Amino acid sequence: MKRHSILAIIIALILSLTNSCLQHLPLPNDSTVKEGQVVIYAQLPEFSVPKVSVSETSTALELNWEQGDYLTIVSGEKSEVYTLRSISGKTATFVGKPISGSSYDIILSQKGKDYLNRSYETQIQDATDDTRHLHFDSILKGVDSYENPSFTKEWAESHGGELLQSGCMLLYFKLPEDVGYIKSVSLTAPSYIFHKTNQPSGKLKTITLAVSEANLNEDKIFKAYIMTSINEISIKDGVSLTLRVRSNIGAWTKDFTPGACKILPGRRNIFQLNAQGWTLPTGDGTDSNPYILRTAEDLVGMSSKLTSTLQYFAMTQDIDMSDVSQWIEITNSTPIDFNGNDRTIRNFKCNSGQYRGFIRILNGKIHNTNFTNAEIDGSTGESLQACGIVCGYCGNKAASVSGHIENVFVQGTVKGAANGVGGVVGILGNGSLNKCGANVSVSNTADSGTGGLVGMDIGGSESKKVSITHCWTSGEVNGGMQRIGGIIGALHYRTKSTEAHSTNIFTISHCYSSATVNGGRNVGGIVGNIWECQSLSKVEKCIAWNPSITATATSGNVYSSGAIAGVSRNRQLLSDCYRRADMAFSCTYSDINFSITLKDQENIGPSPMPKLSYSGPTGGESEHGYIYPYHGKSADSGASISSVAKELSWDETIWDLSGDVPVIKIK
């Protein structure tokens with residue numbers, strides 16, 4: 001295919017019926033034609049050019065019959081609809097009642113649309129180079145016969161009439177690398193030149209093609225097919241048109257002057273443009289036009305754009321933060337929506353301030369973002385608080401602030417010296433993590449709450465909702481004295497012994513961890529400690545693929561550790577979880593045999609927990625139920641994480657389970 005330079009314009013011919021395979025149906029016989037009906041044989045012209053291809057050698061328009069076509073024959077005030085009976089090549093048979101007259105309009109249309117009032121103002125295309133939205137109207141106007149018509153100019157003129165056809169513009173252009181997912185394409189003129197319908201009156205300055213978030217190929221070329229009316233459109237010499245492409249991260253515009261030309265009906269009119277001369281968006285912080293982030297300076301400057309209302313940000317390039325030694329706080333619960341567009345932030349470091357992380361306290365959403373070689377150090381300085389690569393605190397315990405993290409992957413190290421240290425989040429106060437992964441080294445010298453993904457959840461308002469779904473961790477997790485887990489250290493940490501039971505549910509589901517996990521007590525491959533202060537916690541369909549789990553404490557009043565959950569109490573639902581067959585599990589607290597030896601366990605809960613027969617320093621009962629480790633069931637020897645995930649019916653629209661290790665699919 002030959003490419004034209006910028007501003008080159010070719011006027012060529014095309015349009016089509018909706019994409020459908022050419023069908024060969026049996027011709028009707030006399031028994032299929034009702035009394036009073038007649039059969040007419042209609043022809044389409046034979047052309048060799050594919051109906052929506054880019055070609056400079058022909059102006060042909062290839063049309064194919066399809067199911068749903070019908071003919072309307074009008075003579076004066078009378079009209080009859082002829083229905084399609086069969087298709088054979090370029091010939092189709094239609095059946096209807098005869099109509100008398102001396103002059104006829106023969107209208108080929110689809111889907112019951114009145115061709116005169118068909119709107120061209122806004123059209124919808126599903127993806128780049130898709131033509132299924134095109135609907136062709138062709139009219140043999142004022143002809144003297146409707147017997148075996150042919151939709152050609154020659155047939156119309158030989159029968160005393162004219163051929164009217166709708167047309168098409170093909171906007172064929174190359175976009176910059178960072179455009180994102182296409183949502184709409186529009187073409188704007190300085191005056192009203194585009195026809196709104198097939199009526200001669202009623203015009204528009206802008207004609208728009210909505211797109212179902214088309215993802216561009218590597219060449220970044222988009223083909224926008226926009227239907228035009230049966231009326232000719234004239235563009236004068238010197239008139240500048242504006243092509244506007246709106247994506248999920250902003251709007252790109254390009255002005256061009258095609259010169260004196262006509263957009264002709266019945267033809268494909270091509271505007272072919274290159275990638276130069278686009279006006280790049282900077283954004284205004286709205287959903288449809290977010291602030292655009294291309295450099296480390298853009299990231300540093302985010303804090304100056306925050307207000308009390310929700311502000312939107314979007315990355316369009318990978319960003320290296322190597323030269324930013326002192327990270328400036330982005331937000332302390334100021335509302336934000338951060339879309340990384342599957343780009344990567346490299347070499348991010350944070351070693352000062354409260355709740356250390358990329359976002360201190362997340363109020364809003366961060367999604368589609370990767371962090372590689374990140375370093376979070378919350379172990380030194382005056383403010384030793386929860387920390388994580390994405391945020392120190394996600395939402396808040398009062399449920400007045402909610403944080404959501406989705407399609408986020410982190411790789412790096414996190415060091416802390418406070419309750420709540422995690423690879424992604426320190427403390428999950430109110431919100432969710434979905435489709436996230438962490439390949440991290442996490443260490444915490446404080447007493448409690450260390451996890452590969454989240455340090456811990458914390459008690460609070462009964463209206464708060466928290467969940468971790470479709471996530472994974474690898475690397476190593478080294479905690480302090482207690483509550484250490486491959487996914488999360490502690491669920492619903494109870495700040496007061498008299499705290500009332502909440503009515504909300506905490507859910508961890510469809511997650512796996514292959515991280516090594518080490519700590520004092522309450523050590524678990526998925527979760528370290530599940531507190532009893534809510535009505536129900538769920539840990540379900542999770543896989544502990546940790547090569548080793550080690551609990552080293554020899555004292556303490558809550559002492560068990562487990563392959564899935566180190567400690568759980570009443571009102572928990574622990575179900576359908578598996579551990580790797582060769583897991584190295586060690587618990588040095590010798591008085592509690594059941595927490596030393598791995599064994600298969602049936603699903604547990606939600607209430608009451610089975611009473612265990614064992615002796616220990618504090619007996620078997622806690623204030624609200626029974627201390628209970630959960631080991632799940634052993635996977636078969638030689639099984640992989642993916643084979644176990646398939647057995648648990650993990651959603652394969654989310655997970656790619658074709659290899660040994662599940663991989664989250666990227667949109």
Side-chain angles (χ1 to χ4, degrees), residues 248 290 293 299 302 310-315 330-345 348 350 355-372 374 376 386-397 399 401-412 414 420-440 442 449 451-458 464-475 485-489 491 506-513 526-527 654-655 664-667:
N248 59 321
L293 308 169
L299 285 181
M302 287 174 60
L310 178 62
Q311 299 296 302
Y312 291 82
F313 297 84
M315 288 178 61
I330 288 184
T331 172
N332 274 331
S333 70
T334 305
I336 187 172
D337 185 294
F338 186 97
N339 184 1
N341 287 295
D342 302 321
R343 307 291 184 176
T344 299
I345 298 173
F348 169 73
C350 181
Y355 299 119
R356 295 169 193 177
F358 181 67
I359 298 175
R360 310 296 189 180
I361 302 175
L362 177 59
N363 175 14
K365 186 176 183 179
I366 179 168
H367 48 124
N368 310 320
T369 308
N370 304 314
F371 291 84
T372 60
I376 307 298
C387 59
I389 292 174
V390 173
C391 58
Y393 215 120
C394 182
N396 67 3
K397 62 183 292 185
V401 167
S402 181
H404 301 278
I405 303 172
E406 186 168 19
N407 287 322
V408 171
F409 164 78
V410 302
Q411 179 271 319
V414 181
V421 176
V424 177
V425 174
I427 294 177
L428 179 56
N430 181 44
S432 64
L433 283 80
N434 182 41
K435 294 189 288 188
C436 295
N439 177 10
V440 289
V442 180
L453 199 73
V454 177
M456 67 180 188
D457 166 56
I458 193 167
K464 60 179 283 190
K465 302 291 182 183
V466 283
S467 64
I468 300 175
T469 53
H470 303 293
C471 295
W472 62 270
T473 64
S474 63
I487 296 292
I488 185 171
L491 302 188
F506 193 116
T507 300
I508 302 178
S509 69
H510 302 86
C511 297
Y512 80 85
S513 176
I526 301 298
V527 56
I654 296 175
W655 293 96
I664 296 172
K665 293 180 177 180
I666 301 298
K667 179 181 176 181

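Because the structure is a prediction, the values reported are computed rather than measured.
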Open item on the list: Would His367 and Asn339 count as a side-chain contact (heavy atoms from CB on, under 4.5 Å) here? Give the steps.
Closed with: CA-CA 5 Å; His367 48 124; Asn339 184 1; 3.6 Å; yes
TODO: Could you give me the CA-CA distance, side-chain angles and deciding distance for Arg360 and Cys350, then say whether side-chain contact (heavy atoms from CB on, under 4.5 Å) is met?
DONE: CA-CA 10 Å; Arg360 310 296 189 180; Cys350 181; 3.0 Å; yes
Open item on the list: Restricting to non-hydrogen atoms, name the atom on Gly395 and the atom on Ile361 that form the minimum distance, rounded to 0.1 Å.
Closed with: O-CG2, 4.0 Å
TODO: Give the minimum heavy-atom separation between Cys394 and Ile405, together with the two atoms involved.
DONE: SG-CD1, 4.3 Å
- [ ] To the nearest 0.5 Å, tell me how far Cys436 SG sits from Glu406 CD.
- [x] 7.5 Å
Task: The single option from Leu453, Val390, Thr369, Asn370 passing side chain to side chain contact (heavy atoms under 4.5 Å, CB included) against Val410 - done: Val390
- [ ] Give, for atom CG of Leu362 and atom OG of Ser333, the distance between the pair rounded to the nearest 0.5 Å.
- [x] 10.0 Å
TODO: Taking the side chain as every heavy atom from C-beta outward, state whether Arg343 and Leu293 have any atom pair closer than 4.5 Å.
DONE: no
Task: Heavy-atom pair with the smallest gap, counting every atom of Gly486 and Ser513 - done: CA-OG, 3.6 Å
Task: Non-hydrogen side-chain atoms of Phe338 and Asn368 separated by less than 4.5 Å - done: no
Task: Separation between CZ of Phe313 and CE of Met302, rounded to the nearest 0.5 Å - done: 4.5 Å
Task: Listed partners of Phe371 passing ring-ring contact (aromatic ring centres under 6.0 Å, His included), at least two apart - done: Phe358
Task: Check: His510 and Thr469 side chains under 4.5 Å, non-hydrogen atoms - done: no
Open item on the list: I'd like to check Val414 versus Ile389 (side-chain heavy atoms, cut-off strictly below 4.5 Å). Are they in contact?
Closed with: yes
Task: Spacing of NZ belonging to Lys464 relative to NZ belonging to Lys397, to within rounding of 0.5 Å - done: 7.5 Å
- [ ] Compare all side-chain heavy atoms of His470 with those of Ile654 and state whether any distance is below 4.5 angstrom.
- [x] yes
Open item on the list: If you take the centroid of each ring, where Trp contributes its six-membered ring, are Tyr393 and Tyr355 closer together than 6.0 Å?
Closed with: yes
Task: Test item: Asn430 side-chain N/O and Val401 main-chain N/O as donor-acceptor pair under 3.5 Å - done: yes
- [ ] Taking all non-hydrogen atoms of both residues into account, name the closest pair between Ile376 and Cys387 and its distance.
- [x] CG2-CB, 4.0 Å
TODO: Work out which heavy atom in Ala438 is nearest to a heavy atom in Gly452; give both atom names and the distance.
DONE: CB-O, 3.7 Å
- [ ] Side-chain contact test, heavy atoms from C-beta onward, threshold under 4.5 Å: evaluate it for Ser432 versus Lys365 and give yes or no.
- [x] no
- [ ] Look only at the side chain of Asn341 and the backbone of Met315, and say whether a donor-acceptor pair between them is shorter than 3.5 Å.
- [x] yes
Open item on the list: Would you compute the distance between atom CD1 of Ile488 and atom CG of Asp457 and round it to the nearest 0.5 angstrom?
Closed with: 6.0 Å
- [ ] Would you mind reporting whether Leu428 and Ile468 have side-chain heavy atoms less than 4.5 Å apart?
- [x] yes
- [ ] Look up atom CG in Leu433 and atom CD1 in Ile487, then write down how far apart they are to the nearest 0.5 Å.
- [x] 10.0 Å
Open item on the list: Within the 4.5 Å heavy-atom criterion, are Ile508 and Ile526 side-chain neighbours or not?
Closed with: yes
Task: Heavy-atom pair of closest approach, residues Ser402 and His404 - done: OG-NE2, 2.8 Å
